[in-house]
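A quick write-up on the structure given underneath.
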Amino acid sequence: MKVEFAPINIPLARRLQTAAVLQWVFSFLLLAQCCVVIFLVLVLARSWLLISLYVLWLYLDWETPEAGGRRVQWVRSWTLWRFFKDYFPIHLVKTTDLDPKHNYLLGFHPHGVLVAGAFSNFCTNYTGFAELFPGLTPYLHILPFWFRCPFFREYALSYGLVSATKKSVNHVLSKEDGGNAAVIVIGGAEESLDAHPGNLTLHILKRKGFIKIALKRGAHLVPIFSFGENELYDQVSNPKGSLLRGVQERLQSIMGFAMPLFHARGVFQYSFGLVPYRKPIHTVVGKPIPVTRSSNPTDEDIEALHQLYLNALQQLFEEHKEKYGIPEHKSLIFT
Ligand SMILES: *[C@@H]1O[C@H](CO)[C@@H](O)[C@H](O)[C@H]1NC(C)=O
Ligand SMILES: *[C@@H]1O[C@H](CO)[C@@H](O)[C@H](O)[C@H]1NC(C)=O
């Protein structure tokens, strides 16, 4: 294999962008483990006072990830995140206004490998969510196990991340006078195993819990398609039925999160490594589907709204695909 090295005379801004992305990949893959190690070091060092104080804090704060979280505007506005956004770059695209008198459930597709678009758009202050959708507060829902990790949970909460449990989504969508937007990556970890460049497969046909919650809370449903999300990394081939896929699915069912074997480029060369490719992401927010609140939705209600949502998502993709370089004959595949 021929290694392609990065040129020496890269402008400072681009170096800072790469550094911002590198620390983010590290946070995603290793920061939680580092936090656990720090906690264990405290235990080994018998720092019982610190440990008891922290455990008391955990006890008092345990519900927060399911009760709207605890965002810190300062962390969301770190200049770091501007460099992060500019690396790819990432763009948030509005198709219509969202009236802040309602609450919304935003379905985000596709998961991609590390959900870069969702994080940048909904957890940091630099892609313009606040200007495009004034009066709306976005909450990105992630797997609950992240919030069981000591110290890391505080960090995650500061970005406005909240748990993806039913209780947590209900909490966000129960705001009396509207103005909340629950963002859910519908395909979940499972979809990341299909995050190969060019892949348009979405795991959505069996996922109906979000439809039920939207009905119960009367939250309007908004499909989001993030063009470019699957182009950031190559992934070791894992077609359905292969040995690797079998192992990955097994691990996912045991641990709850998936382990795609992804790779792209490094810091000093462009041939291998865990730094994603510099490819643009366009996160297009579709039009809302109005939902009338119903405290006891029937299976038919859920089916019908699910179908409506699939159609809206398909239509959103078709309307915008040409602009973002998807060939005419390619369409979304729902599975
Ligand atoms: C976040 O962005 C909004 C809108 O651009 C801005 O008004 C606000 O001051 C920013 N917050 C911080 C802490 O910089
Ligand atoms: C996308 O993933 C699905 C499911 O693994 C697979 O069947 C399909 O062939 C893939 N398509 C492309 C273009 O990679």
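In this chain, residues are counted from 1 in sequence order. Start at 1 and go down the list; that is how both ligands and their atoms are numbered. The shown structure was predicted, so the numbers you read here are calculated from the model rather than taken from an experiment.
When only non-hydrogen protein atoms are considered, atom 3 (C) of ligand 2 lies nearest to T201 OG1, 3.5 Å. In terms of protein heavy-atom proximity, atom 13 (C) of ligand 2 is closest to G198 O, 4.0 Å. Of all protein heavy atoms, the one lying nearest to atom 11 (N) of ligand 2 is N199 ND2, 3.0 Å.
Aromatic ring orientation, H91 versus H282: parallel (interplanar angle below 30°, classes split at 30° and 60°).
Salt-bridge check for E190 with R207: passed, with a basic side-chain N closer than 4.0 Å to an acidic carboxylate O. Salt-bridge check for E63 with K167: passed, with a basic side-chain N closer than 4.0 Å to an acidic carboxylate O.
The presence of a protein heavy atom under 4.0 Å from atom 5 (O) of ligand 2 is confirmed.
Side chain to side chain, T201 and D194 fail the donor-acceptor criterion of an N or O pair below 3.5 Å.
Ring centroids of F151 and Y54 are separated by less than 6.0 Å, placing the two rings close together.
Short contacts between ligand 2 and D194, defined as distances under 4.0 Å to a heavy atom of the residue, involve ligand atoms 2 (O), 4 (C), 5 (O).
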